[in-house]
Undergrad: 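After the structure tokens below, expect a handful of questions from me.
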Amino acid sequence: MFTKDIVSWIKQSRKSTKFYIFVASILFSLIIPFFLSDSLSIRVLTLMALFTIYASSWNLLATSGQGSLGHAAFLGIGGFTSSLLALNLDVPPIIGIFIGGLLSAAIGFLIGLTCVRLKAWFLGMVTFGFAVITETLVSHFDDFTYGVMGFRTAPLVPLGLPFYYLALFLAISCVISIYYIMKSKMGLAFRAIHQNELEAKMIGINTAKYKLYAFVISTFIAGLAGGLYAHFLRYIRVSIFTPANSFEPLMMSVIGGLGTIEGPIIGSIILVAIDSYLPNIDKFLPTIHGTFIGPYLRLLGLGIFLVMVVIFLPKGVSSLLRKIYKHLRSNLKEKKS
Amino acid sequence: MIYSSTLVLTIMWGAAIGCIYVLLATGLNLIFGVMKLVNFAHGELLMIGAYIGFTFATALGVNVYVAVLLSMGLVALIGIGVERLTFRRVLGSEKLNEIFVSLGLILIFDNVAVLLWGDKSKRIISPFENLSLDLGEASIRVDWLIAILIVIVILIALVFLVKKTKIGMAMQATSQRSQTSMLMGINIERIYVFTFALGAALAGAAGVLYGIIFPFNPYVGALPTIKAFAIIILGGLGSIPGAIIGGLLYGIAEQTAVITLGSIWRDAVAFTVLIIVLVLRPEGLFGKRGE
């Protein structure tokens with residue numbers, strides 16, 4: 001029965017280009033480690049998969065018009081839950097990361113109750129503030145969390161290829177789930193709320209309910225990403241709550257293409273690649289005030305890039321790729337006819 | 001006896017910090033009121049202001065309190081550039097875009113500051129560094145008092161500007177109905193630039209005062225911005241007296257939290273208060289119900 005469904009689904013969607021791109025990118029991500037098999041590249045690829053999960057969770061929330069500025073809180077809650085469960089109760093991390101996701105979703109539900117009534121910038125502040133509060137609580141209850149000094153987390157699966165394929169599997173599952181959520185009635189409601197909350201309310205959408213749904217789903221995925229991240233780094237401390245971690249998924253989604261499925265994927269690939277490969281040229285750059293300017297130049301460039309994308313490419317890099325694709329296709333058709 | 005002196009110190013220290021928050025919050029409130037723009041990068045203007053004050057005071061030997069004026073002017077110019085190059089282009093488009101642009105600006109300002117001045121902590125040394133006023137048990141640095149005085153003077157001037165001058169009235173009109181005021185012959189783009197520059201100038205002044213009281217580095221801007229927003233929410237959107245009372249209360253509450261609970265609670269307590277206020281009264285303590 002189930003296989004029949006899949007077969008009919010494949011038959012149905014066989015013609016669409018979207019489907020081919022989807023299959024091609026999955027195949028590509030499956031075989032790429034064989035071409036880039038050095039340990040740094042595998043690490044970078046794993047990070048890309050991890051951040052795809054994290055950025056997609058942020059993006060899903062933004063699709064419902066809620067821009068969180070404190071998603072690191074949920075990343076950290078997921079990470080700490082899973083790591084502490086493994087440390088204290090010997091819960092296997094593969095279960096722990098899901099428990100972390102659930103706890104993160106439960107807390108997301110509570111915060112969401114406050115946030116659904118708020119406008120965009122209030123919400124940004126409350127979420128930002130929540131990340132600060134969580135960081136403080138984790139530092140305060142150091143006897144229980146060991147957050148201030150940090151601790152070594154249990155291994156999930158061996159780092160390298162196994163971890164990459166696990167992260168890839170979870171990333172693909174998340175992306176597919178989000179795709180179906182966005183296609184469902186719920187996704188339609190999210191988009192309606194994003195465009196105009198008042199009008200959405202007027203046509204009978206229970207906006208508070210759907211915004212809360214978005215919050216719970218998004219924080220679950222963020223918590224899951226946090227668990228993975230903690231077991232990937234094999235280390236966790238309170239610095240996981242840093243605002244930089246909150247802004248990362250935002251930048252990835254906006255640069256890739258806000259509110260699209262592929263946006264966070266493209267964004268995390270671009271940003272992780274920049275973060276991982278550009279430091280190689282740092283040593284050729286001069287120093288100012290005794291420090292290497294490379295990292296600062298990179299962040300400066302990132303800031304300029306972000307502002308430029310928002311102003312000139314409001315739909316992100318993915319819209320540019322789409323335009324190029326359309327252009328090529330129309331050229332091809334002209335040649336044929 | 002010790003207890004009462006701690007109390008006086010807490011209140012004075014809180015008021016001095018609160019004054020800086022008041023300047024920042026008033027600027028943000030003006031920009032929000034007139035342009036309906038949320039600028040999360042406002043605190044970066046404070047940081048730049050602190051560095052400009054530092055440069056004038058140490059490299060050129062200008063008196064630090066004269067540097068306040070110079071910094072206000074220069075930061076206002078930077079504000080004009082920022083408004084014209086970035087915010088004007090996303091104004092009126094999606095609300096989230098303003099937040100994204102501000103985050104980009106935070107990255108740009110922070111890292112330009114690191115490249116120009118380095119990332120080590122700096123302080124502006126005031127000529128009254130070692131002067132303090134004895135009040136029985138407690139002693140208060142003269143610089144705090146001067147900072148409070150300067151803030152009062154700036155705020156009086158600001159209220160005069162907004163209430164009594166032609167451009168101030170135009171700002172009020174734009175904040176009420178931008179479309180209608182355009183029909184009345186107000187050049188609202190000019191009002192926007194002016195408002196943004198004014199807000200930036202307040203942040204510039206706040207920056208130098210901040211630099212006199214605290215050590216600063218290129219990353220000090222982010223938290224004061226969020227706190228200024230918290231103050232605006234506490235005081236009610238668009239209400240200048242609300243921002244002033246909110247700012248002072250906030251500064252004192254923060255210091256009380258530091259003294260009673262410890263310094264790691266400095267930021268968390270404030271946000272907890274903010275979230276509670278938002279849950280109970282989404283329009284702020286002094287804001288009007290509406291929208």
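Chain letters run A, B, ... following the sequence lines, proteins first, then strands; residues in each count from 1.
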Undergrad: Got a second to check how far Leu115(B)'s CG is from Leu300(A)'s CG, nearest 0.5 Å?
TA: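 Rounded to the nearest 0.5 Å, the CG-CG separation comes out at 6.5 Å.
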Undergrad: With only heavy atoms counted, which part of Leu250(A) is less than 4.5 Å from chain B, the side chain, the backbone, both or neither?
TA: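 Side chain only.
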Undergrad: Please classify the contact between Leu223(B) and chain A as side chain, backbone, both or neither, with a heavy-atom cut-off of under 4.5 Å.
TA: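 Interface part for Leu223(B): side chain.
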Undergrad: So what's closer than 4.5 Å to chain B heavy atoms on His140(A): side chain, backbone, both or neither?
TA: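 When you check distances to chain B, atoms from both the backbone and side chain of His140(A) fall under 4.5 Å.
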Undergrad: Of the backbone (N, CA, C, O) and the side chain (C-beta and beyond), which part of Tyr219(B) lies under 4.5 Å from a heavy atom of chain A, both, or neither?
TA: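 Tyr219(B) touches chain A through side-chain heavy atoms alone.
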Undergrad: For Leu69(A), is it the side chain, the backbone, both or neither that has a heavy atom under 4.5 Å from a heavy atom of chain B?
TA: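 Only the side chain of Leu69(A) comes within 4.5 Å of chain B.
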Undergrad: Is the number of heavy atoms from other residues, nucleotides or ligands under 6.0 Å of Lys122(B) NZ greater than 12?
TA: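 Yes, because the 6.0 Å sphere around NZ of Lys122(B) holds more than 12 heavy atoms from other groups.
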Undergrad: Given that the side chain runs from C-beta out, which part of Met308(A) has a heavy atom under 4.5 Å from chain B: side chain, backbone, both or neither?
TA: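 Nothing of Met308(A), per the 4.5 Å heavy-atom cut-off to chain B.
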Undergrad: Contact part of Leu258(A) toward chain B, heavy-atom cut-off under 4.5 Å: side chain, backbone, both or neither?
TA: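 Contact with chain B is through the side chain of Leu258(A) alone.
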Undergrad: Minimum heavy-atom separation for Phe100(B) and Leu306(A), please, with both atom names.
TA: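 For Phe100(B) versus Leu306(A), the nearest heavy atoms are O-CD2, 3.5 Å.
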Undergrad: Report the distance from atom OG1 of Thr86(B) to atom CD1 of Ile304(A), rounding to the nearest 0.5 Å.
TA: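 One gets 12.0 Å once the value is rounded to the nearest 0.5 Å.
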Undergrad: Give me the atom names and distance for the closest heavy-atom approach of Val307(A) to Val101(B).
TA: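 The answer is CG2-O, 3.9 Å.
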Undergrad: Nearest 0.5 angstrom please: Arg298(A) CZ to Leu107(B) CG, how far?
TA: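 Nearest 0.5 Å value for the CZ-CG distance: 12.5 Å.
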Undergrad: Between Leu113(A), Thr134(A), Leu302(A), Ile311(A), which has the largest tally of heavy atom pairs under 4.5 Å with chain B?
TA: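 Option with the top pair count is Ile311(A).
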Undergrad: Could you check Leu297(A) against Asn111(B) for side chain to side chain contact (heavy atoms under 4.5 Å, CB included), going step by step and ending with a plain yes or no?
TA: CA-CA 7 Å; Leu297(A) 274 184; Asn111(B) 292 293; over 6 Å; no
Undergrad: Side chain, backbone, both or neither: which part of Val254(A) has an atom under 4.5 Å from a heavy atom of chain B?
TA: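 It is the side chain, since no backbone atom gets that close.
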Undergrad: Among Phe130(A), Phe128(A), Tyr296(A), which residue forms the greatest number of heavy-atom pairs with chain B at distances under 4.5 Å?
TA: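 Going by pairs under 4.5 Å, I would pick Tyr296(A).
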Undergrad: Within a 6.0 Å radius of atom NZ on Lys323(A), are there more than 12 heavy atoms belonging to other residues, nucleotides or ligands?
TA: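 Open: at most 12 neighbouring heavy atoms sit under 6.0 Å from NZ of Lys323(A).
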Undergrad: Against chain B, label Phe312(A) side chain, backbone, both or neither, depending on which of its atoms sit under 4.5 Å from a heavy atom there.
TA: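 For Phe312(A), side-chain heavy atoms alone lie under 4.5 Å from chain B.
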Undergrad: Are there more than 12 heavy atoms of other residues, nucleotides or ligands under 6.0 Å from atom OH of Tyr213(A)?
TA: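 For Tyr213(A), atom OH is not crowded (no more than 12 foreign heavy atoms under 6.0 Å).
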Undergrad: Does CZ in Phe151(A) sit with more than 12 non-hydrogen atoms of other residues, nucleotides or ligands closer than 6.0 Å?
TA: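 Yes, CZ of Phe151(A) has more than 12 neighbouring heavy atoms, counting only those of other groups under 6.0 Å.
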Undergrad: Run the side chain to side chain contact (heavy atoms under 4.5 Å, CB included) test on Leu96(B) and His194(A) for me, step by step, so that the C-alpha distance in whole Å, both residues' side-chain angles and the decisive distance to 0.1 Å come before the verdict.
TA: CA-CA 10 Å; Leu96(B) 289 176; His194(A) 186 185; 4.0 Å; yes
Undergrad: Which bit of Phe40(B) is near chain A, if near means a heavy-atom gap under 4.5 Å: side chain, backbone, both or neither?
TA: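 For Phe40(B), the contact with chain A is made by the side chain alone.
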